[in-house]
Amino acid sequence: MSDMEYESEEEYEYTYSDEDESQASYSSHAMDDSASLEMETEVEEGSKKRKSRGRTSSLGDAVMKDTNGITMMNAKDILPMMKERINEVSEILNIPPSAATPLLRSHKWTKERLFESFTEDDGKIKKDAGVYHRCMPVSTEETNTCIICFESDISKEQMVGMPCGHSFCIECWKGHIQAKLDDGPSCIFAQCPYPKCEEVMTEVEVKKAAPELLEKYESYQLKQFVEVNGTSRWCPGPGCERVAALQNGSGLLDDSNLIVADCDSCKTKFCIKCGEEPHAPLLCRALDIWKEKCNNESETANWILANTKPCPKCRSRIEKNQGCNHMTCQKCKYEFCWICTGEWKEHGANTGGYYNCNKFAQEKNKDEDQSDAAKAKRELDRYLHYYSRYHAHSEAQKFASRQLADTEKKMVALQERRDNSTWTDVEFLKSANEQLVECRRVLKFTYAFGYYLTTPPKTVAPVEAVAKDEDSKKAKKKSKEDKQEEDKDEEPKPKTQQELQKERFEYHQEMLERFTENLSELVEKPLDDIDREAVVNQTIVVNRFMKGMIKYVEDGMEEGA
Amino acid sequence: MSGGSLPRRIVKETQRLIADPVAGISATPYADNLRYFAVAIEGPSDSCYEEGVFQLELFLPADYPMAPPKVRFLTKIYHPNVDKLGRICLDILKEKWSPALQIRTVLLSIQALMSAPNPDDPLDNTVADVWKNDEAKALETAREFTKNFAAKKE
Ligand SMILES: [Zn+2]
Ligand SMILES: [Zn+2]
Ligand SMILES: [Zn+2]
Ligand SMILES: [Zn+2]
Ligand SMILES: [Zn+2]
Ligand SMILES: [Zn+2]
């Protein structure tokens, strides 16, 4: 019995003070306001003011509160949260902390879930988690022989037992633990070395037999906690080891809103809910579905997306090597839109119509072919319409990111050419490029969003994932009624709620696209021709419009918004 | 016996295998590599491998017994849990390995697997399909293989 006492575990008891928690609730609007304020200050005070960023970068170790309810921290800073859950479960269920850990682990670290299944069948739960004997130790048979190395005459101190009654010599334990650590993260699920014994090994045995490996073992425990506790996520930045923790709200599984984490160490921005790059206005689940679709369709889609296009006038191949979609053929000087290959002039305000290449005009021909093959073709066309634009903005986003990296160089060059200018004086270029990257990203996802906005009722699920539930239900009901009317008479049917919504959304999208193309053109000019005033103004306009558009979608795309 | 740098455990296991062999199983280490064993398993009686003798090779990796031994059939065998290269699908040779298991227990488990093939956890899908859909035919093929490839040499 001596091996089984809990006394060695008291170091795992941890008193956790939660003094930090009260400061953690900020609304996400606070961030928006400060960000736009930052923009305005820059304009009003111009070059005189050195721009101070709202969110300062921290120096490595500090725990940093962000203003949107996310805390950036090192993994070890999340340990108190883990210990708190372990100790609570240990106390309430009256089991050692080393048994509480595997139990919590098998219930996604949710106490409530664990307590619930515990009341149903605690024996089964304990067995499944591998802590049956740890909760109710059996006595170890005194033995001086190790069944792994066959050594006999081993002293009592050199034998380390498990609560299941199996014991092995320290040397064999070390080998077992090291072998499990070599397997990586799965080491935390390692079981008793005895054949088919399902009792799990814990930090208690590691500490007794191989204290030099304890730190490594516990880092794997912590890693698993970070990954499944439902409120935190590793920063996806390459090589970055910071953790983003959500301080309040219903956790990462709540897909009803988007929260962007902004890593204080590597500057990576990511969606804390799913770990992808920020993807507003698309919600996480819709993004999943969209990516899956793009994967499945990639072969079909690729032919249309070759990186060169023939000039619509002279047919010479033109390679798109800049972010802007306004193309000028080097041979015949014909100006056209990369996305639709339509004449650029027709895209401008001066010809009356705004940018209209974002619209997918589904043929409304009444006699249209209703065969399955024709329907499939139309559906593919519809997908390609959205995908090609998604892809074009994705490429432009990559380009803008490269531009951003080059901007520093450009900034230095600009400073050298203009006397009396300060660093701040040219930082507008960097801001403009950052804005461009963000706009391209948002535009990219508006096309995935747009695709699901008009998904025919047959594939309803994604629509529900995107649109606010009530609105989409209303819209679906409405469109059904309209269909019945349509059958009766030939009157031009009134637009459905869904169609109106789509129109308004595409109008916003059009505007954002237009503003973005403008900014892109302004920034891509040769250094000497860059008009500072125009770039600064356009950056502000675009930023404001982009935020407005995201908010418009978040608010359910109500009329008058 | 000169074990060289061979761990005591391997030496002891080898001694026991020779001194106290399991019925129907023989395992002999190669003189030039004491971690490498020539294994012969007699087909269990009342199985479709009856009357056959199956040659296997068994190797103890450097981290044995923390890592499982590597075992492979050398004799062609028609079995849903053995693939064409002779590799064996057996839990204790993978995730269910325990350092307290021994060469002896591994070989006994393989013998048991020959008595009770498990087509629901197949390594060779075509064989497993036949096993599930037409067991009589599968058993007949296995007997044929046994006769053709595993016949006892007089
Ligand atoms: Zn030992
Ligand atoms: Zn055990
Ligand atoms: Zn990071
Ligand atoms: Zn997400
Ligand atoms: Zn041309
Ligand atoms: Zn166009």
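A note on names: the letters A, B, ... follow the listed sequences, proteins ahead of strands, and every chain is numbered from 1. Values below: all heavy atoms of this structure, side chains included; hydrogens, waters and symmetry mates excluded.
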Centre of [Y]'s six-membered ring, under 6.0 Å away, within 45 degrees of the axis: is that where NZ or CZ of [X] sits?
X	Y	result
B/Lys70	B/Phe59	no
A/Arg85	A/Phe225	no
B/Lys12	A/Phe150	no

* Residues of residues 86-109 of chain B within contact distance of chain A, non-hydrogen under 4.5 Å -> B/Asp91, B/Ile92, B/Ser98, B/Pro99, B/Ala100, B/Leu101, B/Gln102

* To do: Given side chain to side chain contact (heavy atoms under 4.5 Å, CB included), test A/Met162 with A/His133 step by step and report yes or no.
  => CA-CA 9 Å; A/Met162 283 279 290; A/His133 294 295; over 6 Å; no

* Give, as side chain, backbone, both or neither, the part of A/Cys197 having an atom under 4.5 angstrom from any heavy atom of chain B. => neither

* To do: Output yes when a side-chain donor or acceptor of A/Lys174 lies under 3.5 Å from a complementary backbone atom of A/Ala209, and no otherwise.
  => yes

* To do: Specify whether A/Trp173 and A/Phe168 have parallel, tilted or perpendicular ring planes, treating 30° as the upper limit for parallel and 60° as the lower limit for perpendicular.
  => perpendicular

